[in-house]
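Quick note on labels: first sequence line is chain A, next is B, and so on, each numbered from 1.
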Amino acid sequence: MKSVLFATLLVAACPLTAFGQTANDLLNAEHTPQNVLTYGMSYSQQRFSPLTQINRQTVKRLVPAWSYSMNNNTGEESQPLVYNGVVYITSQNKTVAVDALTGKAIWNTPIDYPSDTTRVVCCGIVNRGAAIYDGKVFRTTLDARVIALDMKTGKQIWSVKSGDAKDGIAMTGAPLIADGVLMVGMAGAEYGSRGYVEAYDPNDGRRLWRHYTVPRPGEPGADSWPDHAANASGGSSWTTGAFDPALDLVYWGIGNPAPWNALLRRGDDLYTNSILALRPKTGEVVWYFQTSPNDPFDHDNITSIILADLTIDGRPAKVLLQAGRNGFYYVLDRKTGELIAANPYVKVTWASGVDKETGRPKWTETTKKAIAYTDQIETWPHITGGTNWYPSSFDPRTATAYVNTTDYGMKYQPDPVEEIKNLKPGDAYRGVKITPIYNADGMRGHLRAIDPLTGKSKWAIPFKSPNWAGTLVTAGGLVFTGELTGEFIAVDSDTGKILWQFQTPSGIIGQPVTWEHDGKQYVTVASGTGGVYVLKTPDPNLAHVPPGGTLWTFKLMDE
Amino acid sequence: MTGAYRACRPPLAGGLAFLRHRSRGRVVLCALCLLVAASAHALAQDEAVASGERLYAKYCSNCHGDDLQNNSGVAFDLRRLKADEHARFVNSVLHGKNAMPSWQGVLAPAQLDDLWAYIRAHAYEQ
């Protein structure tokens, strides 16, 4: 009754357009598996689908229904959205709407940006997806604009400039619609930008608020930058937050301090490497939790945030889950930000554990050295982290998280202070020398089924090159993900056995989704190699993987 | 191989400026003895390559690969640049090309020379 009343009120408050997509739709995303309405497949970002038609038994009949050329060579990290028979997907150079059943283009809107834009694009020339709401498709661009397109025609409705390459700012993340506002983050800690999260009015692009993630003197957190609060930088926000409508809180991951080299920035460097719990309407920070204070290792805390209900010691708990870049799997009370558990899920040597009371990591001697001296040290994980931007998924029925991990360490040596003391926004803010330390078995990554409370893997599949793709888990008992060599794979969620695979034309760094139309289940994913690992890291296993973006949709072949 | 390249590298204006700047004393010696001049050139060349390597790590490696090792095909494999493609190199780096950024106003001509020296020192075809 209550929900009917709510829906009626909602309809009265915001009249539905014919090509609508309402706030109510978004709230119900996890109960409407026929569509994919948000980044993360629902506000909880679990990337779990209750659909079961494609399952352990039937997956052997999974075949391509169509593929579509993205006509882009720089990499496809974008998560497709699916609404009423249309797939919406982004690339760095275009936004497209494709008929979900036939793969035929409906519209295609190119994006142009000034030629200096990618100077400050550190980590892949990509975009990670759109948001849809009230007849519009919203996205960010590399030259740090936020734009709204007409869902039906692809015509631009508004475009606002958020940041500038001269200040080290770019945008790659998918926006989030929460409580009627459009929230976005930015990238650029590697270029000395000052991080922020901000919100716009989805109607006209009017900026509603901007919350800077690192303070200026006199602001909260300023004393955690004793050396230079006046030009504290870093704390970018380049992935997408999760939303709990009942608590009215958005949880956004905040990245590393700048530069990586920590010799000239003592203190905790708030609010870098933190999770911020924000009120979407106002930007007020209700709580924060910092994973890696005073970080020298780029523990950029932007890995995916998942909201879940667990049973802990026999009691129900509303938690937030995050496989941290720093190698610890965090479980927090999402109402208060209190730490419930933090255990390593990959090899970790920079800290011996996390203090249960304070939430602070217990630094090892090598880390103490790395923030104070220019000696070379060895530490795990590598700067890439235990995992990276590519989102993990969570099966609420078994309380298991499916995470693609990177499993290697590094030799790390800070440059002398002379090299970093005169940096200005737009410069490269790294100031360290890094050499990877790979395992003797030649396996640089795993797909893991992780128990969030212990960090332990129930199973793990090794891969020569780390998977740089999102994971999707379904009630059909399948985990979908992609390999950098192009295989799109379906794995038994209980055993970790690869049950099915399909060779796409390029490496996969995208985010698989599943949806349903007229009683048939489909799986959609983009192929197209790129991203920072592929661009930067020498890897003989990838020597013959061609670039080139394509979008794929699969369905079961008729018996 | 690298040595052979050094010997026949055309003396670029920026390269010469670099030589004069960094090793004025040796330039005086050059007037006296051709042999010493040759080794001074080689030394300056080593410095240019080392400087180019640092510039590369800072500005280019994120897209073109650590130590020029490019396995993506996303960005051009710079080791493919041939000795006679200097003009193409300068043009692309100053003005950009599609997703490749322009570096005009960031990299000085002498820095472009150093980058060229580093890239050519590791080129597939000398």
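- Counting heavy-atom pairs closer than 4.5 Å to chain A, the top-ranked of the candidates B:Ser61, B:Ser102, B:Cys63 is B:Ser102.
- Interface residue A:Val534: backbone and side-chain heavy atoms are both found under 4.5 Å from chain B.
- Heavy atoms of A:Ile125 lying under 4.5 Å from chain B belong exclusively to its side chain.
- Of the atoms belonging to A:Thr529, heavy atoms from both backbone and side chain fall under 4.5 Å from chain B.
- Of the atoms belonging to A:Tyr429, not a single heavy atom falls under 4.5 Å from chain B.
- Both the backbone and the side chain of B:Ala99 come within less than 4.5 Å of a heavy atom of chain A.
- Of all residues spanning residues 64-74 of chain B, those with a heavy atom less than 4.5 Å away from chain A's heavy atoms are B:His64, B:Gly65, B:Asp66, B:Gln69, B:Asn71, B:Ser72, B:Gly73, B:Val74, arranged by number.
- Taking a 6.0 Å sphere around NZ of A:Lys464, one finds it holds 12 or fewer heavy atoms contributed by other residues, nucleotides or ligands.
- B:Lys97 NZ to A:Ser115 OG: the interatomic distance, rounded to the nearest 0.5 Å, is 14.0 Å.
- The distance from the CG atom of A:Asp116 to the CD atom of B:Gln104 is 11.0 Å, given to the nearest 0.5 Å.
- Considering every non-hydrogen atom in both A:Arg430 and B:Ala57, the closest pair reads NH2-O, 2.7 Å.
- A:Asn73 touches chain B through its backbone: at least one of N, CA, C or O sits under 4.5 Å from a heavy atom, while the side chain does not.
- No more than 12 heavy atoms of other residues, nucleotides or ligands shown are found within 6.0 angstrom of CG on A:Asn71.
- The choice from A:Gly507, A:Cys122, A:Gly75 that makes the most heavy-atom pairs within less than 4.5 Å of chain B is A:Cys122.
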